[in-house]
Amino acid sequence: MHGVVGKPPGAAANAVATSKIMLLMLVAMTGVAPISLYMLVPALPVLATTFGGDISVAQMTVSLYMVGIACSQLIMGPLSDKFGRRPVLLAGLALMVVASIGCSLAQTLPQLIAARFLQALGGATGMVVSRAIIRDLYSRDRISSMISLVIAVMMMAQMLSALVGGLLETAFGWRAIFYFITAASLSVAVLIALALPETRRVRSQSSSFRGDIGSLVRNRAFIGYVLCQVLASQIIFMFAGGGPYIVVTQMGRTTAEYGAWFAATGFAYLIGNVFCVRFAPRQSLERLIWFGLALQFAGALLNLVFSITGTNQAPLWLFGTQMIVMVANAFVMNNAAAGAISVRPEAAGTASGAMGFLQQGIGALVSQFGAYLGGHSTTTLPLTAAVFALSIACASAMFFLVPRRNVVVSEELIEKAEEEDKGML
């Protein structure tokens, strides 16, 4: 189960899976796209001034970048199942390098926006392929801890990316950000070309994208895991969309103070990932999801009660309670993702891509809705009620769709459940 394609499982594959170089590659390929996203954010006002455009037009270098991330995951996941992880990953990174050079040479905002979309399309390949590689190399009971470990390390770098982008822009101008991204993406591509073996599982000749999608959407457990993961991620998008308006407009605080509180919630998510790394190898995947769902529900309910009583009209109460939800989100999202890509291991890339596309695509809409709730309300109640509703929907997807087990889940049990579920949808 752990072997490199074409070879039986053995010492070589185990050495790859346990090496520090593999962890470095997984972090690098996962983080190159989101880090590149946040590096440009501090330079948006400068871009608007430089090109004589409105700040909303400059903002499209971020919003269309997110669209590119969503599209990439839907496309690159199935391609990695068909052609292999290495060639698809290297092609994506090559596209990112070329697009980053295009960004640095852009003479108009439309040119920069188009190049940023291509940059995201290539860079996000690493996000979807990394989950598939983890599924290729590790047993089901270790997938969650590996995803958590990769995200924990990546988030530490991601938290610093906006700071690095701001320093580069201040010292050398906004184009220096893209010189840095070009060098970083090229370095990641070289590292992967030299050190990453092909990990894709052997597939039958009859396997196809249509067949993979069909078998996944007919599987009740897969739908349950995906909905659970995607709905949990929407809590983050919802709160991120409405939070700035509540803190700055309703509470009369500064944007700098909002940034500090938002960073605190990110730190809470990081802590949740660290706990996942510690506990995932010792507990069943489903037990960890239910622990996260219970904690998520409790935090969301507490914040809703604080909204009804008017207590959380101060950032300390609003964000302090949200930090509980963020710790829980790490447990729910990582373990649900592990469950989704384990339902049909040979189609892990397709499963990962579909999940990432839904997460990012729906997230763009939910973020806008969160901004509407925060910007058109005089209290925190609409936003916290929406977060509470999402937590209930998340638990409902897990309860009604994923088969419940009283023992540690094995791949044999998953396969048995798939056979039982075939006629149910």
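Between Gln234 and Phe239 there is no side-chain heavy-atom pair separated by less than 4.5 Å. Residues Ile21 and Leu24 form a side-chain contact, since some pair of their non-hydrogen atoms from C-beta on lies under 4.5 Å apart. Counting only heavy atoms from C-beta outward, the side chains of Ile69 and Phe357 never approach each other to under 4.5 Å. Arg344 is not listed as a side-chain neighbour of Asn219, based on a closest heavy-atom distance of 4.5 Å or more. Contact check for Gln111 versus Cys103: no side-chain heavy atoms found under the 4.5 Å cut-off. You'll find the side chain of Arg278 stays beyond 4.5 Å of the side chain of Val274, heavy atoms only. Side chains of Leu227 and Leu358 form no contact here, defined as non-hydrogen atoms less than 4.5 Å apart. Gln359 has its side chain within reach of Phe237: a pair of non-hydrogen atoms, C-beta onward, lies under 4.5 Å apart.
Separation of the Phe297 and Phe388 ring centroids falls under the 6.0 Å cut-off. A distance of 6.0 Å or more separates the ring centres of Tyr179 and Trp174.
Rounded to the nearest 0.5 Å, atoms CG (Leu37) and CD (Gln119) are 9.5 Å apart. Distance check: Leu293 CG to Leu231 CG gives 10.5 Å after rounding to the nearest 0.5 Å. Between the CG atom in Leu105 and the CZ atom in Arg175 there is a gap of 7.5 Å [rounded to 0.5 Å]. One distance of note links CG of Leu89 with CD1 of Ile192; it measures 4.0 Å at 0.5 Å rounding. Going from atom CG of Leu196 over to atom CE of Met25 covers 5.0 Å, rounded to the nearest 0.5 Å. Arg116 contributes atom CZ, which lies 5.5 Å from atom OH of Tyr65 (distance to the nearest 0.5 angstrom).
In terms of modelled atom types and a separation under 3.5 Å, the side chain of Ser72 and the main chain of Gly68 share no donor-acceptor contact. Thr170 places no side-chain N or O within donor-acceptor distance of the main-chain N or O of Leu167, the cut-off being under 3.5 Å. Checked by atom type and distance alone, the side chain of Ser185 never pairs as donor or acceptor with a backbone atom of Met96 at under 3.5 Å. At distances below 3.5 Å, at least one donor-acceptor pair connects side-chain atoms of Arg86 with backbone N or O atoms of Ala193. Proximity of a side-chain donor or acceptor of Arg253 to a complementary backbone N or O of Val248 within less than 3.5 Å is not detected.
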Pairs of donor and acceptor atoms involving the side chains of residues 318-336, under 3.5 Å and at least two apart or interchain, shall be tabulated with distances.
{"unit_1": "Thr321", "atom_1": "OG1", "unit_2": "Trp317", "atom_2": "O", "d": "2.8"}
{"unit_1": "Asn329", "atom_1": "ND2", "unit_2": "Ala232", "atom_2": "O", "d": "3.1"}
{"unit_1": "Asn334", "atom_1": "ND2", "unit_2": "Ser148", "atom_2": "OG", "d": "3.0"}
{"unit_1": "Asn334", "atom_1": "ND2", "unit_2": "Asn273", "atom_2": "OD1", "d": "2.5"}
{"unit_1": "Asn334", "atom_1": "ND2", "unit_2": "Ala330", "atom_2": "O", "d": "3.1"}
{"unit_1": "Asn335", "atom_1": "OD1", "unit_2": "Ser144", "atom_2": "OG", "d": "2.6"}
{"unit_1": "Asn335", "atom_1": "ND2", "unit_2": "Ser144", "atom_2": "OG", "d": "3.4"}
{"unit_1": "Asn335", "atom_1": "ND2", "unit_2": "Phe331", "atom_2": "O", "d": "2.7"}

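In this structure, Tyr269 places its OH atom where more than 12 heavy-atom neighbours from other residues, nucleotides or ligands lie under 6.0 Å away. Other residues, nucleotides and ligands place more than 12 heavy atoms under 6.0 Å from the CZ atom of Phe51.
Closest of all the heavy-atom pairs between Ala58 and Leu44 is O-CD2, 3.5 Å. Here the closest heavy-atom approach between residue Met76 and residue Val88 is recorded as O-CG1, 3.8 Å. The minimum heavy-atom distance linking Leu121 with Cys71 is given by the pair CD1-CB, 4.0 Å. In terms of heavy atoms, Ile134 sits closest to Ile147 at CD1-CG1, 3.9 Å. Between Ala33 and Met127, the shortest heavy-atom distance links the atoms CB-SD, 4.0 Å. The heavy-atom pair separating Leu373 from Ala386 by the smallest distance is CD1-CB, 3.8 Å.
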**Request:** Begin from the C-alpha positions of Leu40 and Glu169 and carry the test side-chain contact (heavy atoms from CB on, under 4.5 Å) through to its verdict.
**Result:** CA-CA 9 Å; Leu40 189 63; Glu169 192 283 320; over 6 Å; no

**Message:** Walk me through whether Leu93 and Met29 qualify under side-chain contact (heavy atoms from CB on, under 4.5 Å).
**Reply:** CA-CA 9 Å; Leu93 289 171; Met29 71 177 75; 5.7 Å; no

**Item:** Residue pair Val226, Phe222: steps toward the side-chain contact (heavy atoms from CB on, under 4.5 Å) verdict
**Value:** CA-CA 6 Å; Val226 167; Phe222 173 76; 3.5 Å; yes

**Request:** Show your reasoning for whether side-chain hydrogen bond (donor to acceptor under 3.5 Å, both in side chains) applies to Asn303 and Thr384.
**Result:** CA-CA 6 Å; Asn303 223 351; Thr384 56; 5.9 Å; no

**Request:** Decide yes or no on side-chain contact (heavy atoms from CB on, under 4.5 Å) for Leu168 and Phe178, but give the supporting numbers first.
**Result:** CA-CA 10 Å; Leu168 285 172; Phe178 294 110; over 6 Å; no

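Side-chain contact annotation: Gln73 with Arg131, donor-acceptor N/O pair under 3.5 Å present. A side-chain N or O of Arg85 and one of Ser80 form a donor-acceptor pair less than 3.5 Å apart.
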